Amino acid sequence: MKTFIKRVVSVAVCVVILICTLAVAPFATDADIAISFDRAGYIQGETVVAQVYFPKSFDKVAALDMVLTYDSSKLELESLTMGEDFYDAYNSQINGKAFSVNYNNPGIVDWALVGSNNFKFSGVFAEIVFNINKNAEIGDSEITITIENAANSGYVNVTDSIVVEGGVVSIGQNLSNYMTLELNESKTGYIVTNYRNVKDKDVVIPEIYDGLPIVEIGDSAFKDHAEIESISLPKTITKIGYRAFTSCNKLTSIELPEVMTEIADNAFMSCMALKQVKMPIILEKIGKQAFYQCYSLESVILPFTLKSIGSYAFSQCYNMKTVTISKNTAIGENAFLNCSALSKFITVADNENLVNYLNDSGINCEIEYRKDISLGTAVAEDTKFTGEAVTAPVSVELTSGDEVTADTDYKLLYVDNVDIGEARCYLYGIGDYLEGYILDFNIFCEHDFTETVLREATCSKNGMVSCKCSICGYETRKLTDMLPHQSEKWVYDVRPTVFSTGVKHKVCNECGNIFETDTVADKLFPDVDGDGNVTSIDALMVLSYSVGKTGAIRGNERLFNADTNADGNINAIDALNILRVSVGLIEQ
């Protein structure tokens, strides 16, 4: 069939009738046929879902011969499924339709189709699932589409007028191929425990692995990897483990992440080419022999947060010339032993730790003093939540009265400064100043709640609403007040008479419960005719009613007043009572 199409009709896609761009892949809106992917980048061993689709709507497609090519050394075709949009077009053909697809040859997919009634295509033509080889070369792998032959309904060759756009699969390195990563005890991040690649001189460790941050370089992870010349650590690393980079002899410089708090024993021992190390601002501990025999290291600036330097930490750093050190740092035995070029310590006045170390070790070198920015007070203000990293306003007052300015005299480092709750700011001196402050502040949200009714309130039950903050997403629930009982009708438990008061209550129309009771403060006032007075006329009306003249008393209220003793009957006794009221024998 494919040969027939090529020879007879120059197989093909068609002329554009409707130009209605689809939002499948915006980059391909100018193409007639294109490829889209389920995401932007992949790593070795992952799965790629690709769609061949028509960004525009076509009809009058008489024939098509299309080829897709890919690099089979990197991608393995797992499955190919023709799209529903293709079948809609194909099934709409009444007669003379033919179609074939062939993907038995690695690296090639052939499609051929012809239809006498002419196809109309839009949307997804086919979906292809590729597996990336776990050892695939890192970088871009191109997938191309070629129209070999195309014809419209007039059997006119339109092959060259079809605009096709392929795609690129960006393949990244799968960490598990060349390093071992293990969950830490709290299962909140990964530790690099073993590095197996011996080819790459430049190493980049990503921030995230399997959905969690990489937080530590484990013990001996990169030990003896003499091929490594540079290594980029993610900002999430908090610790460098024991002998982590020992004898990485070609490593020339390293920038340690700002959130790192510990460099373990022997971490960089015998990194003989290591010339520069940028220390973290919040570093707390440097272990024993951490930089032992780092012959090329020329200077080191240690942060004010550093609590201790282990013994022999910088011993035999022969080219070390200057060390900047805090008054807060305890210096271990022989920490700077045999640093033969060491000529200067930079610190602040009253650094007893340094003076004691120099006296004990016999080191004789210059001490250069800087101003101490920690002699004063500093405050970081509580700050509103924004959903992004916030920077709290900070004020500094020195006991000396000197004014200091951000980025000239000090810098600020914020950590844990995204989520609501406690955050931290490190203020550290620069230029003429050393030392610093650790400032805690709170991130709060001025909630803007949107309420959603979960349960309507009734007269017997509280309602409930969900309150969700549109700013931070915090959600809580609250009860709403019960509705008031509803009834305007009193029910008499004890009716009032001309002799005594009564008792009454109301029953709720909704729940049927008694919700209000009251006494009837006044005795019955038997005004039957409604003229505001009790007279013999009222008594006569009652007598007339009692003998069957039902029209004598009209209305429920008047009938109520006529039953003067509340016995449920209106008779001569009630008429007599009314007469007695009228002449004052019964007091009202």
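On a predicted model such as this, the values are computed, not experimentally measured, just so you know. All heavy atoms count here, side chains included; hydrogens, waters and symmetry mates do not.
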Legend entry - Residues forming a ring-ring contact (aromatic ring centres under 6.0 Å, His included) with Phe222, sequence neighbours excluded: Tyr195, Phe245

Inset, instruction - Please determine, by modelled atom types, if Arg455 and Thr480 share a side-chain donor-acceptor pair under 3.5 angstrom. - result: no

Legend entry - Centroid-centroid under 6.0 Å between Tyr426 and Tyr428 rings: no

Legend entry - Pairs where residues 238-257 contributes a residue and the test side chain to side chain donor-acceptor pair (under 3.5 Å) is met, not counting sequence neighbours: none

Inset, instruction - Go through the structure and list residues passing ring-ring contact (aromatic ring centres under 6.0 Å, His included) with Phe291, not counting sequence neighbours. - result: Phe268, Phe314

Legend entry - Sequence-distant partners of Glu475, side-chain hydrogen bond (donor to acceptor under 3.5 Å, both in side chains), two or more places apart: Ser466

Legend entry - ring-ring contact (aromatic ring centres under 6.0 Å, His included) partners of Tyr87, counting only residues at least two apart: none

Legend entry - Ser116-Asn95 side chain donor-acceptor pair, cut-off 3.5 Å: yes

Legend entry - Set of ring-ring contact (aromatic ring centres under 6.0 Å, His included) partners for Phe444, sequence neighbours left out: none

Legend entry - Pairs involving residues 263-277, ordered by first then second residue, that meet salt bridge (Lys or Arg N to Asp or Glu O under 4.0 Å) (sequence neighbours left out): Lys275-Glu298

Legend entry - Those residues that, when tested against Asp200, pass salt bridge (charged side-chain N to carboxylate O under 4.0 Å, His left out) (two or more places apart): none

Inset, instruction - Among residues two or more places apart or on two chains, list those pairs meeting salt bridge (Lys or Arg N to Asp or Glu O under 4.0 Å) that have a residue in residues 444-453. - result: Lys384-Glu446, Glu451-Lys478

Inset, instruction - Can you sort out the partners of Arg39 under salt bridge (charged side-chain N to carboxylate O under 4.0 Å, His left out), two or more places apart, ordered by chain and number? - result: Glu46

Inset, instruction - Tell me, please, which residues at least two apart from Ser232 pass side-chain hydrogen bond (donor to acceptor under 3.5 Å, both in side chains). - result: none

Inset, instruction - Any salt bridge (Lys or Arg N to Asp or Glu O under 4.0 Å) involving residues 405-416? Give me the pairs, sequence neighbours left out, ordered by first then second residue. - result: none

